[in-house]
Amino acid sequence: PIIHPPLLLTLPWRFSLRGYGFCMAALFLFCFGSLFYQLNGGPPKILLDIRQYLGESTYLDDHGPPAPRVLPFPSQVVYNRVGKCGSRTVVILLRLLAEKHQFSLVSSDIHNKTRLTKHEQVDLMKNISNIPQPFLYTRHVHFLNFTRFRIEQPVYINIIRDPINRFLSNYFFRRFGDWRGEQNHLIRTPGMKDDERYLDINVCILENYPECSNPKVFYIIPYFCGQHPQCREPGVWALERAKQNVLENYLLVGVLEELEDVLLLLERLLPHYFTGVLNIYKSPDYRKMGNMTGTVRKHTPTLEALQVLYHRMRYEYDFYNFVRDQFHLMKKKIGLKSVSQTPAYSPAFLRELALRTPEPLDEDEELDTDLDDANSWLIHP
């Protein structure tokens, strides 16, 4: 019988080499194309042509997009801290919290530039937006409107305090510093002469020194009004714009007189930043640091000086009362049960003063109300 060789053996040897070469060439092109794809962030033209030939179906069509990195919300927070409103206390807490919760904390050391040109505003907002998220940025700076320049708006938080208490704290801090050392603060204000450093607060107010009159005492509202020049002019326009920004752009504005409640609310609203903050605040180790921030040599002006100062700060008190009401409303909505300090309500003569425009009182004019009333009204930090 005739034995036929296998069919494969009857094929020409040249065809086998050619097939082998075609397979190796295809494998080389595939590997080379894959390398190109990874190095250049996209596929080479040949792979796009193959995709077009085979159809438009992709891996994402079958499997969906890769899961994005989940960030806490909000992941961009700005604390444009108001001077002498407990900001150093909060910054110390934030440094401890940033290490504990692993968020980026950027605390600016610029303290005397709250008003910025348009170019400076854009540069600062871009720098803030480039901080790794989640972040918390803090600086003494008036409100910045990110959306005006088509930049994503962060969430704002802040704390204010009774305006006269804030003014007095700042007045004596500039002259004598705090318990960290008076000599260090004298170095910080080397240009202040002795006659200015030891100027009696009553003389400053009643004799209308620039430091104790408008626009210097119109201080808190511009932090919330913004960078518009009219925000620095005491009046209804700046007041109403500041209120509007509080409602639209601030997650929380607390009052220093109820600081523990502020910290409780921040822990509730921003847990990824502030969880455990109250435990830190009440710890003995923190208390030692916090006690060093109190202003020294601070004392209360006379009632006649307080009357004049209160009238000059009537817009500031309107704003303070608005913020305090909003803060109490927030506490009620969240169901926060806590013991709060008694608000710094003004005596009857100060409430009546808001309804009229008094002339500055003479230094030797006697008042029927005792000075103890003023001491009981003012809250000492």
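Worth knowing before you read on, the calculation uses all heavy atoms, side chains too, and leaves out hydrogens, waters and symmetry mates.
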In residues 229-239, what donor-acceptor pairs under 3.5 Å come from side-chain atoms, sequence neighbours left out?
none

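- Nearest heavy-atom pair across T147 and Q153 is N-OE1, 3.4 Å.
- Here the side chain of E316 pairs a donor or acceptor atom with the backbone of I220 at under 3.5 angstrom.
- Although no hydrogens or angles enter the test, the distance criterion places a donor-acceptor pair under 3.5 Å between the side chain of R161 and the main chain of K84.
- Not one N or O on the side chain of N202 forms a donor-acceptor pair closer than 3.5 Å with the backbone of P301.
- By the 30° and 60° cut-offs, the orientation of the rings of F167 relative to Y171 is tilted.
- R312 has its side chain within reach of I205: a pair of non-hydrogen atoms, C-beta onward, lies under 4.5 Å apart.
- With I159 as the partner, the side chain to side chain contact (heavy atoms under 4.5 Å, CB included) test is satisfied by one option alone out of L263, L252, V90: V90.
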Step-by-step salt bridge (charged side-chain N to carboxylate O under 4.0 Å, His left out) determination, R324 to E258: CA-CA 10 Å; R324 191 179 61 196; E258 302 174 38; 5.8 Å; no
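- For S104 (side chain) and P132 (main-chain N/O), a donor-acceptor pair under 3.5 Å exists by modelled atom type.
- When hydrophobic clusters are built by joining Ile, Leu, Val, Met, Phe, Trp and Tyr residues whose side-chain heavy atoms come closer than 4.5 Å, directly or via intermediates, L96 is grouped together with V277.
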Test log, rule ring-ring contact (aromatic ring centres under 6.0 Å, His included), inputs Y310 and Y317: CA-CA 8 Å; Y310 184 86; Y317 271 97; 4.6 Å; yes
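- Of all heavy-atom pairs between L71 and P134, the closest is CD2-CD, 4.0 Å.
- A donor-acceptor contact shorter than 3.5 Å is absent between the side chain of R175 and the backbone of F172.
- Checked by atom type and distance alone, the side chain of Q227 never pairs as donor or acceptor with a backbone atom of K118 at under 3.5 Å.
- To the nearest 0.5 Å, the span separating NE2 on H142 from SG on C225 amounts to 9.0 Å.
- Hydrophobic clustering (ILVMFWY, side-chain heavy atoms < 4.5 Å, transitive): F73 and I334 are in distinct clusters.
- Using a distance-only test at 3.5 Å, with no hydrogens or angles considered, no donor-acceptor pair links the side chain of S87 to the main chain of G83.
- Side-chain contact check for F327 versus I160: every heavy-atom pair is 4.5 Å or farther apart.
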Intermediate values then yes/no, side chain to side chain contact (heavy atoms under 4.5 Å, CB included), F103 and L97: CA-CA 8 Å; F103 62 85; L97 291 166; 4.2 Å; yes
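- In this structure, Y219 and P163 have side chains that are not in contact, with every pair of non-hydrogen atoms separated by 4.5 Å or more.
- Q133 and S75 make their closest contact through OE1-OG, 2.7 Å (heavy atoms, listed as atom of the first residue, atom of the second, distance).
- Residue pairs meeting the side chain to side chain donor-acceptor pair (under 3.5 Å) criterion with at least one partner in residues 262-277, sequence neighbours excluded, do not occur; the list is empty.
- When hydrophobic clusters are built by joining Ile, Leu, Val, Met, Phe, Trp and Tyr residues whose side-chain heavy atoms come closer than 4.5 Å, directly or via intermediates, M192 is not grouped with V203.
- In this structure, the separation between CG on L144 and CD1 on I151 is 9.5 Å, given to the nearest 0.5 Å.
- Side-chain contact between R174 and E196 is present, with heavy atoms from C-beta onward closer than 4.5 Å.
- Contacts of Y156 classified as ring-ring contact (aromatic ring centres under 6.0 Å, His included), with partners at least two apart in sequence or in another chain: F143, Y250.
- For CD of E99, the number of neighbouring non-hydrogen atoms (other residues, nucleotides, ligands) closer than 6.0 Å is 12 at most.
- The salt bridge (Lys or Arg N to Asp or Glu O under 4.0 Å) search around K113 returns E120, not counting sequence neighbours.
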Worked check of side chain to side chain contact (heavy atoms under 4.5 Å, CB included) between Q326 and L247: CA-CA 9 Å; Q326 292 296 318; L247 295 175; 3.6 Å; yes
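- Within the model, atoms CG of N158 and CG of N249 stand 12.5 Å from one another, a figure rounded to the nearest 0.5 Å.
- The cluster map of Ile, Leu, Val, Met, Phe, Trp and Tyr, joined by side-chain heavy atoms under 4.5 Å apart, puts Y286 and V91 in different clusters.
- Using a 4.5 Å heavy-atom cutoff, the side chains of D325 and L329 are not in contact.
- Summarising the geometry, atom OG belonging to S107 is positioned 8.0 Å from atom NE2 belonging to H140; distances are rounded to the nearest 0.5 Å.
- Taking CG from L278 and OG from S283, the interatomic distance works out to 10.0 Å, rounded to the nearest 0.5 Å.
- Listed by chain and residue number, F224 satisfy the ring-ring contact (aromatic ring centres under 6.0 Å, His included) test with F319 (two or more places apart in sequence, or in another chain).
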Worked verdict on L136 versus F274 for side chain to side chain contact (heavy atoms under 4.5 Å, CB included): CA-CA 11 Å; L136 194 150; F274 287 96; 4.3 Å; yes
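- Pairing each heavy atom of V323 with each of G254, the nearest pair is CG1-O, 4.4 Å.
- To the nearest 0.5 Å, atoms CG (L251) and CG (L269) are separated by 5.0 Å.
- Taking both residues in full, the closest heavy atoms of R81 and T138 are given as NH1-OG1, 2.6 Å, listed atom of the first, atom of the second, then distance.
- Nearest heavy atoms, V77 versus P74: CG2-CG, 4.3 Å.
- Between the side chain of N80 and the main chain of Y223, a donor-acceptor pair closer than 3.5 Å is present.
- For Y79, there are no ring-ring contact (aromatic ring centres under 6.0 Å, His included) partners two or more places apart in sequence or in a different chain.
- Not a single donor-acceptor pair under 3.5 Å links the side chain of E152 to the backbone N or O of S129.
- Crowding of K126 atom NZ: a count of heavy atoms from other residues, nucleotides or ligands under 6.0 Å not exceeding 12.
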Test side chain to side chain contact (heavy atoms under 4.5 Å, CB included) applied to R139 and L124, step by step: CA-CA 11 Å; R139 172 179 168 174; L124 178 57; 3.7 Å; yes
